Number of protein chains: 2
Amino acid sequence: MATTTRKYNYSRQREVIYRLLAGTTAHPTAEWLHLQARRELPQLSLGTVYRNLQILAEQGRVRELQFGADQTRYDAMMEPHHHFICTGCGSMTDVFLQRDLPLDRLGGIPDGAAVESMHLELFGKCSACFG
Amino acid sequence: MATTTRKYNYSRQREVIYRLLAGTTAHPTAEWLHLQARRELPQLSLGTVYRNLQILAEQGRVRELQFGADQTRYDAMMEPHHHFICTGCGSMTDVFLQRDLPLDRLGGIPDGAAVESMHLELFGKCSACFG
DNA sequence: TTATTTGCAAATAATTTGCTCTCGT
DNA sequence: ACGAGAGCAAATTATTTGCAAATAA
């Protein structure tokens, strides 16, 4: 398979986007990043934001997150971790496992399949949305 | 909050869609369901499929699934369960936990937050894609 | 100077919606 | 009869892409 490698030049836009993403725990969308980044780079286009988020993901500096929402969210926290998602306001909070999940307690993993990573989604109400 | 209730009439289209979904473990997309259902209901439109999948979800008969893909997938298996997702071919397999996950091993759940449900995503290669 | 990146605008693709008509009760 | 559901096409929305000009190496 042609895992065509690729060369990455420096780009100010990309670093601004990355810095913003690394500086928040809010798991923002491309649109939010665009809005923020424009305070520094008023010409920055949304297309460029998307392109750079893709590149950052290829570089392993950023993770794309999906959950029942319409927009992809991004995360610069690359330590393995999981998420608590508030079903009230949609906010995502990082959750860390103190020990690995016991894979032996899982049934139904297809024969011969190799699990490479896992992501736990916890749904509920955050304190602001419930108490 | 206005959880506006709603009345549901019987609809042949809806039941065909549900039956197809309940009859497969493949976690199909709206498009696949549309294609299949049209063998029985040649006039069925894709919009109707989407509308009915939404209603079925409201009724708690169907679950919407998202994972890094572009298309939403649907699942009529409503027992709590989790998923193994092949990063090669994108197939999803149901995974059942033999015991509940030990929530006490999780760190970082925001104070005062109430976890209501969880979904574990396991990523890896299925036997066809790796061996 | 050569490949990469940008900004802009136009193109995609999945999903939703408006409208009129038909069906379920 | 009356509201719920269908079909169709047009509209939305997030994301991607083509292209000419700008930038990095």
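Reminder, nothing fancy here: chain letters follow the sequence lines and each chain counts from 1. Below, all heavy atoms of this structure are taken into account, side chains as well, without hydrogens, waters or symmetry copies. This is a predicted model, so every value here is computed, not measured.
Here chain B contacts DNA chain C (any atom closer than 4.0 Å to a heavy atom, that is under 4.0 Å), and the contacts span C:dA14 to C:dT25 from 5' to 3'.
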Show the atom names and distances, to 0.1 Å, of all donor-acceptor pairs under 3.5 Å that link a side chain in residues 111-124 of chain B to residues at least two apart or in another chain.
| unit_1 | atom_1 | unit_2 | atom_2 | d |
| --- | --- | --- | --- | --- |
| B:H119 | ND1 | A:E121 | OE1 | 3.0 |
| B:H119 | NE2 | B:H83 | ND1 | 2.8 |
| B:E121 | OE1 | A:H119 | ND1 | 3.0 |

Under 3.5 Å, sequence neighbours excluded: what are the donor-acceptor pairs made by side chains of residues 49-57 of chain B?
| unit_1 | atom_1 | unit_2 | atom_2 | d |
| --- | --- | --- | --- | --- |
| B:N52 | OD1 | B:R14 | NH1 | 2.7 |
| B:N52 | ND2 | B:T48 | O | 3.0 |

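Side-chain polar atoms of A:Y8 and A:E58 form a donor-acceptor pair below 3.5 angstrom.
Using a 4.0 Å cutoff on non-hydrogen atoms, the parts of residues 34-46 of chain A near DNA chain D are A:L46, ordered by number. If you check residues 49-56 of chain A against DNA chain D, the residues with a heavy atom closer than 4.0 Å are A:Y50, A:R51, A:Q54, listed by number. Annotation: proximity of residues 13-21 of chain B to DNA chain D (heavy atom, distance under 4.0 Å) is found for B:Q13, B:R14, numbered in ascending order.
The two residues B:A37 and B:V16 come nearest to each other via the heavy atoms CB-CG1, 4.0 Å.
Every residue was checked against the salt bridge (Lys or Arg N to Asp or Glu O under 4.0 Å) condition with B:R38, not counting sequence neighbours, and none meets it. The salt bridge (Lys or Arg N to Asp or Glu O under 4.0 Å) search around B:E40 returns B:R19, not counting sequence neighbours. Remark: A:L35 engages no residue in a side chain to side chain contact (heavy atoms under 4.5 Å, CB included) (not counting sequence neighbours). For the ring pair (Phe, Tyr, Trp, His ring centres under 6.0 Å) test, no residue two or more places apart in sequence or in another chain qualifies with B:H34. Every side chain to side chain contact (heavy atoms under 4.5 Å, CB included) that B:M77 has, sequence neighbours left out, goes to B:D75, B:E79, B:H81, B:D94, B:F96.
Comparing B:G47 and B:Y8 by the nucleotide of DNA chain D whose heavy atom lies nearest to each, the residue mapping closer to the 5' end is B:Y8. Along DNA chain C, the nucleotide closest to B:D70 and the one closest to B:Y10 are compared, and the more 5′ of them pairs with B:D70. In terms of position on DNA chain C, the residue among B:T29 and B:N9 whose nearest nucleotide sits closer to the 5' end is B:T29.
End-to-end axis angle of the helix from C:dT1-D:dA25 to C:dT25-D:dA1, using five pairs per end and rounding to 10°, comes to 30°.
By the 6.0 Å contact criterion, CD on B:E15 is enclosed, its count of non-hydrogen atoms from other residues, nucleotides or ligands being greater than 12.
Within 4.0 Å of A:T48, counting heavy atoms only, lies at least one base atom of the nucleic acid. Residue A:T72 is classed as a sugar-phosphate contact, given heavy-atom separations below 4.0 Å to backbone atoms only.
For B:H27 (side chain) and B:M92 (main-chain N/O), a donor-acceptor pair under 3.5 Å exists by modelled atom type.
The CD atom of A:E64 sits 16 Å away from the P atom of D:dA14 (whole-angstrom rounding).
With contacts defined as side-chain heavy-atom distances shorter than 4.5 Å, the pair A:C126/A:F84 qualifies.
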I would like to know whether B:V62 and B:Y18 meet side-chain contact (heavy atoms from CB on, under 4.5 Å); could you show each step before the answer?
CA-CA 8 Å; B:V62 149; B:Y18 178 75; 4.2 Å; yes
For A:L65 and A:R63: C-alpha separation, side-chain torsions, deciding distance, then whether side-chain contact (heavy atoms from CB on, under 4.5 Å) applies.
CA-CA 6 Å; A:L65 298 173; A:R63 217 170 136 185; 4.1 Å; yes
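Annotation: the span from B:I17 atom CD1 to B:R12 atom CZ amounts to 11.5 Å, rounded to 0.5 Å. For the atom pair CD (A:Q13) and CD (A:Q43), the distance works out to 10.0 Å, reported to the nearest 0.5 Å.
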